[in-house]
Trainee: 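What follows is a structure written as C-alpha cells; I'll ask about it next.
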Amino acid sequence: MSELMDPEQHQLVLAEDIDQEHLHEHEHEHEQEQEVEHEQEEEPEPTPTATRGRKKKSLVWQHFTVVNGPGRMKRACCNLCKQTFAYSDGSKVAGTSHLKRHITLGSCPMLKATDRDHQYLLNSGVPQTATQTPEASPGERPAKRRYRVSGFSGATFDHNLSLSNLAKMVVLHDYPLHVVEQPAFLAFVESLQPRFQVHDATSVEAEVLSLYHKEKHNLMQVFGSIPGRISLAISLWTTSQTLGYVGLHGQFIDSDWKLHRRMLNYLMVTSPHSENALSEAIEVSLSDWNLKSKLFTITLDNNCSSHDIYSANLRDHLSNKDALLLKGQLFVVRCYAHVLNNVAQDVIASIHGIIYNIRESVKFIKASPSREEKFAEIALQLEIPSTKTLSLDTTTQWNTTYSMLCAALEYKQAFNLLETCDDNYNEAPSAEDWRKVEVACVYLKLLHDSANTVNNTEEPTSNIFYHEAWKIQLELKGSVQSKDPVVSSITKEMYDKFEKYWRDCSLILAVAVVMDPRYKMKLVDFSFKRIYGNEEGPKYVKMVEDALMELYNEYVAQPLPLTPAYVEQQQQEVADGGEHIETGITTENNTVSNVGNGVEEHENGGDQPKEAQVDDMDVKMEVDASEAPVEGEIEMNNNVTIQTEDIEVNNNVSIQMEEDGNARDDIQPAAPIASTGDGLLDFDIYLSEMAVNQPKKPELEQYLEEMLQPRTNDFNILTWWKMNSFKYPTLSKLARDILAIPMAMAGGGTGLSVFGAGSANRILDDYRSSMRPDTLEAIFCAKDWYQFMPTSVPEPTTPGAMALVQFDM
C-alpha cells in the first residue's frame with residue numbers, strides 16, 4: 001500500500017475524484033464483480049491484504065484494505081480506525097461511495113483528531129511544514145506529524161522588551177533571580193530565540209529595580225492627585241535571622257469613587273520589636289511618598305503595640321501639622337481579620353485535647369480503604385443522614401478545623417460504635433467531650449460566617465464591618481453570662497479579647513456605618529441599646545453623635561475644592577489664555593456661572609449633572625477656596641467664598657454688592673418678575689428674598705434627617721456617594737476618607753484569607769531573607785502593583801506581522 005497522504009491533501013483529492021468516479025460507478029462495480037470471481041477461481045482463500053486480478057484504481061484503497069469476512073463475504077477495513085464496511089457478499093460488490101464518505105466527510109475518528117490538530121495550527125497562525133509519515137502497519141497508529149515553527153512573519157526581535165517581560169515574570173510568579181542561570185531555562189530560551197542573551201541574575205535584578213522605579217514614579221503621580229486622604233495598613237514580617245521587615249499598604253478612594261489598595265514600602269528594620277521600629281518605618285514611608293499631610297488612619301494587627309505608633313517623633317510631627325483629625329481618636333485601627341483569627345484560636349485552644357482525639361480518629365479511618373469502608377457501613381447501619389465527608393484540618397487555617405469538627409460531630413455515634421468493634425481504635429471522645437465540641441462549633445460558626453462576609457466582599461469599605469462586629473459583641477456578652485458552665489468557660493476568653501477590640505474600634509465602626517445611607521444613626525441607636533441596654537445605650541449614642549459632628553466641623557473648616565465639572569471648565573479657560581474666576585450657583589431651573597465680569601446662564605442646568613440640581617430655591621455655591629482672597633468677595637456659611645459683583649438667581653432677583661464686599665440691604669428686582677396675574681407680585685419677591693436669606697442646614701444634619709435608602713442587594717455605597725457628591729460636597733469628603741479605612745488587612749481585595757490571618761504566617765524563607773533590602777522591596781512592591789494593571793504584549797509594527805495576545809494579570 002502506498003504512503004499515507006496529508007489529511008487536508010487527500011480530502012481535496014478525494015472530493016474531486018468523487019464526481020468522476022460516480023459517473024463510472026456501475027462499470028467499476030462490474031469490473032469488481034469479475035475481479036472477485038477471478039479471485040475465487042484461482043485461490044478460494046486469499047490472505048487479508050492480498051489483491052488479485054486487476055489493480056484497484058480508486059484513491060480510496062489507499063486508506064482501506066480488503067479483509068475476509070464470514071463465508072464468502074469480504075469487508076473493507078479502514079487503515080486508521082480499523083472499522084470495517086460492506087464490500088462484497090460473494091456475488092455482488094457494494095461499491096466505494098460509502099468508503100469515500102468515511103474519509104472525506106470526517107467520519108473517521110482517527111482522521112478527525114488529526115485534522116483537528118492540523119486546523120488548530122492553521123488557526124493559531126503558525127506556519128507549518130509536514131514531513132511525510134511512513135506507512136502504518138496494521139494495528140499501529142501513524143507517527144505524529146512534526147511542524148517547524150518559524151516565528152511571527154516580519155516581527156522584529158526586541159532584546160530590551162524581552163528582558164523586561166522576563167523580569168515581570170520573575171516578579172509575578174516568585175521565581176528566584178538565578179532561574180535565568182539554570183541550564184534547562186537557558187536551553188528553553190535558546191530554542192525560542194537564540195539571539196536573546198541573559199547574562200546572569202545580576203542583569204535580571206537590575207531590570208527588576210528599573211521596573212520598580214518606573215512604576216513608583218507613575219504611582220506617585222496618582223497619589224499626588226487623589227482628592228482625599230490615605231490610610232495605612234502595617235504588617236510585620238520575620239526572618240530566620242534577627243532582622244525583620246515592615247510592609248506598608250496605602251488604601252484610598254480615587255476621584256471616580258473606586259477603592260484602591262497599593263503597597264508603598266517594604267522596609268527592613270534591624271530591631272522589629274523595638275519601641276520605635278514601626279514609627280521610624282512609617283516616618284520614612286510618608287516622607288518617601290510625600291503623604292505626611294494626607295495620612296488619616298493606621299491599621300495594625302494585634303501583635304503590634306499602639307505605643308510604637310504613638311511614639312514621640314511621629315505623633316509630635318503630625319500634631320504640629322494638625323494632621324490628626326478628631327484629636328487622634330481614629331488614628332489607630334485594629335485589624336478585624338486578626339481579631340477573628342485570635343478569637344477562633346481561643347475557642348480551639350479551649351478544647352485542644354478533644355480536637356487531638358478527633359484528628360487522630362480521622363487519621364485512623366483514612367489510613368486504609370478497608371477502614372473507610374467499615375466506617376461507612378457503620379454509618380449506614382446507624383442511618384446517619386450526614387452528607388459531610390471526614391477530612392483532616394490544616395492547623396494554620398482555623399476554618400478547616402471548624403469543618404473537621406462539624407463533620408465529626410455528625411458521626412459521633414459511628415465513632416463510639418467503631419471503638420467497640422475495632423480493638424485497634426480507642427480515640428473516641430466521650431459524651432461530655434462531644435458536648436464541648438457542639439458548643440465550640442456554635443461559636444466557631446459565628447466567627448466563620450463573619451469571616452466569609454469579609455472574604456467575599458469585592459470592595460471592603462469600612463461600613464460593612466460594623467454589622468459583623470456588633471452582632472458578635474452582643475452574642476458573646478450574653479453567652480459569657482450563661483449559667484451553662486460549658487458555654488461560659490468557652491466564651492470567657494473569646495469575650496475578653498473581642499471586648500477589647502470593641503472598646504478600641506466601636507467609635508470608628510459606628511462613624512463608618514453612619515456614612516451608609518441605608519442605616520445612618522438609626523442602626524447605631526438600635527444596636528447600642530441592644531448591647532448596653534436602654535439606660536446606658538443613649539449615652540454611647542450621644543458620644544458617636546458628638547464625635548461625628550466634631551469631625552464634620554473639621555472638614556467644614558478645610559478648603560472646598562472645585563467640582564470636576566468646574567475644574568474641567570477652569571482648565572479650558574486657562575488653555576484659552578483667559579482669566580478664570582467663577583462662582584457656580586445651582587438652582588432648580590438655572591445654573592448661573594460668573595466668569596470674570598460676565599454672566600453666563602445655562603438653562604435647565606446646562607451641562608451640569610442631574611445631581612447638581614436641587615429642589616426649589618435651594619442654592620448651592622461652589623468655589624475654589626484655595627485661591628487668594630480678592631476684592632469684592634463675601635463669605636457665606638463660614639466656609640464658602642463668593643467672588644462676584646452681580647449674581648442673578650431664579651426669578652431674576654439681583655443681589656447687589658458694595659465695593660467693600662458687603663451685601664446691600666436694599667435688594668430690588670433687576671427686572672419685573674413675571675406674575676401670574678393674581679396680584680401677588682410682592683409675595684413672589686418675598687419668596688425670593690426668603691430663599692436667599694434663610695440659613696441653610698448643615699450637610700450632616702440634612703443627610704441624617706433624610707429617609708433611609710432601601711436595603712437592596714445591588715446597592716453600592718461608593719456609587720451612591722459619587723452620585724450625591726454635588727449635593728453633599730463637604731460630607732462626601734468625610735465619607736470618602738472614612739469608607740477608605742482598611743478595617744482588615746486580609747479578605748476581599750487583598751488576596752489574603754481571613755482564616756489564616758496572623759503574623760505567624762508572614763515569615764520570609766531563607767532565600768528571600770538573604771536578598772538585598774532594596775531588591776526585596778522592589779520585588780514585593782512591583783508584584784503588588786502589576787496585579788492591578790493589564791500586562792500586554794505590544795503589536796508588531798512591521799507590516800504583515802501577526803497580532804500578539806493581550807492578557808490581564
Side-chain angles (χ1 to χ4, degrees), residues 226-232 251-253 257 259 291-299 306 309-310 315 318-334 336 461-466 469-470 502-525 527-528 538-561 625 637-640 696-706 717-718 720-721 724-725 727-743:
I226 59 176
R229 293 174 175 257
I230 188 170
S231 295
L232 298 182
Q251 189 158 301
F252 62 94
I253 295 176
W257 285 89
L259 184 66
L291 294 174
K292 290 183 178 180
S293 62
K294 291 189 175 183
L295 179 62
F296 189 48
T297 64
I298 297 176
T299 302
S306 60
I309 297 301
Y310 279 102
R315 184 169 176 82
L318 295 175
S319 298
N320 292 336
K321 297 292 185 178
D322 293 328
L324 292 180
L325 297 177
L326 207 59
K327 300 177 182 179
Q329 295 184 58
L330 309 180
F331 189 49
V332 176
V333 181
R334 294 295 181 183
Y336 184 73
T461 49
S462 58
N463 61 297
I464 69 171
F465 293 87
Y466 184 83
W470 84 267
W502 180 256
R503 290 198 310 267
D504 293 341
C505 299
S506 59
L507 175 60
I508 194 168
L509 289 171
V511 171
V513 81
V514 171
M515 294 297 101
D516 191 332
R518 297 170 296 178
Y519 303 102
K520 301 182 181 179
M521 283 298 301
K522 300 295 192 299
L523 181 61
V524 175
D525 182 73
S527 56
F528 275 24
K539 297 179 182 179
Y540 290 95
V541 173
K542 184 67 166 53
M543 292 173 58
V544 175
E545 291 176 342
D546 294 343
L548 183 60
M549 181 57 68
E550 182 180 349
L551 182 62
Y552 170 74
N553 290 332
E554 292 184 20
Y555 274 82
V556 169
Q558 297 175 5
L560 187 64
N637 295 334
N638 297 326
N639 68 324
V640 179
K696 186 179 179 181
K697 289 184 179 179
E699 294 176 18
L700 177 60
E701 183 178 348
Q702 180 183 353
Y703 167 77
L704 295 177
E705 289 178 355
E706 290 182 350
I717 188 172
L718 296 182
W720 189 91
W721 277 107
N724 289 271
S725 58
K727 185 176 182 180
Y728 304 111
T730 300
L731 189 62
S732 63
K733 291 173 56 182
L734 188 154
R736 186 197 303 272
D737 295 340
I738 290 291
L739 295 177
I741 296 176
M743 301 301 299

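Just so we're clear, the structure is a prediction, and the values are computed from it rather than from any experiment. Count residues from 1 along the sequence.
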Trainee: Are side-chain heavy atoms of Q251 and I741 found at a separation under 4.5 Å?
Mentor: no
Trainee: Below 4.5 Å, heavy atoms only, C-beta onward: do V544 and F528 meet side chain to side chain?
Mentor: yes
Trainee: Could you tell me the separation between the CG atom of N463 and the CE atom of M743, rounded to the nearest 0.5 Å?
Mentor: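 Separation between the atoms: 10.5 Å.
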Trainee: Check the pair L734, M515 against side chain to side chain contact (heavy atoms under 4.5 Å, CB included), reporting the backbone distance first and the verdict last.
Mentor: CA-CA 9 Å; L734 188 154; M515 294 297 101; 3.7 Å; yes
Trainee: Would you please say whether a donor-acceptor pair under 3.5 Å links the side chains of S725 and S732?
Mentor: no
Trainee: So, applying side-chain contact (heavy atoms from CB on, under 4.5 Å) with T730, which one of L700, V556, N553 is it?
Mentor: V556
Trainee: Could you give me the CA-CA distance, side-chain angles and deciding distance for D516 and L739, then say whether side chain to side chain contact (heavy atoms under 4.5 Å, CB included) is met?
Mentor: CA-CA 9 Å; D516 191 332; L739 295 177; over 6 Å; no
Trainee: CE of M549: more than 12 outside heavy atoms within 6.0 angstrom?
Mentor: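 Yes - once you tally the heavy atoms of other residues, nucleotides and ligands closer than 6.0 Å, there are more than 12.
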Trainee: So among V513, V514, L507, which one has a side-chain contact (heavy atoms from CB on, under 4.5 Å) with V511?
Mentor: L507
Trainee: Which is it for E554 and E550 under the side chain to side chain contact (heavy atoms under 4.5 Å, CB included) test, yes or no, and what are the steps along the way?
Mentor: CA-CA 6 Å; E554 292 184 20; E550 182 180 349; 4.0 Å; yes
Trainee: How about S231 and F252: do any of their side-chain heavy atoms sit closer than 4.5 Å?
Mentor: no
Trainee: With side chain to side chain donor-acceptor pair (under 3.5 Å) as the test, pick out the partner of S527 among W470, Y519, Y466.
Mentor: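 Of the listed options, the one satisfying the test is Y466.
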Trainee: Does any non-hydrogen side-chain atom of I717 lie less than 4.5 Å from one of I464?
Mentor: no
Trainee: Could you walk me through whether Q329 and L551 satisfy the side chain to side chain contact (heavy atoms under 4.5 Å, CB included) test, starting with their C-alpha distance in whole Å, then the side-chain angles of each, then the deciding distance to 0.1 Å, before giving a yes or no?
Mentor: CA-CA 10 Å; Q329 295 184 58; L551 182 62; over 6 Å; no
Trainee: Please confirm whether R736 makes a cation-pi placement over W257, using NZ or CZ under 6.0 Å from the six-membered ring centre and within 45° of the ring normal.
Mentor: yes
Trainee: Using a 4.5 Å cut-off on heavy atoms from C-beta on, say whether the side chain of L295 contacts that of F331.
Mentor: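 In contact.
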Trainee: Below 4.5 Å, heavy atoms only, C-beta onward: do K520 and E706 meet side chain to side chain?
Mentor: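 They are in side-chain contact.
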Trainee: Tell me if a side-chain donor or acceptor on D525 pairs with a main-chain N or O of M521 at a distance below 3.5 Å.
Mentor: no
Trainee: Any chance you could measure Q702, atom CD, to K697, atom NZ, to the nearest 0.5 Å?
Mentor: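 Reported value, rounded in 0.5 Å steps: 8.0 Å.
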Trainee: S462 side chain to I738 main-chain N or O, any donor-acceptor pair under 3.5 Å?
Mentor: yes
Trainee: In Å, rounded to the nearest 0.5 Å, how long is the span from CD1 of I253 to CG of L718?
Mentor: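 I253 atom CD1 to L718 atom CG measures 5.0 Å (nearest 0.5 Å).
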Trainee: Do the side chains of I298 and V333 get nearer than 4.5 Å, heavy atoms only?
Mentor: no
Trainee: Starting at CD of E545, measure out to OH of Y540 and round the result to the nearest 0.5 Å.
Mentor: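 Those atoms lie 15.5 Å apart.
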Trainee: Do P517 and Y703 have side chains that get closer than 4.5 Å, going by heavy atoms?
Mentor: yes
Trainee: Do the charged groups of K733 and D737 touch, with an N to O distance under 4.0 Å?
Mentor: no
Trainee: Charged N to carboxylate O under 4.0 angstrom, E699 versus K727?
Mentor: no
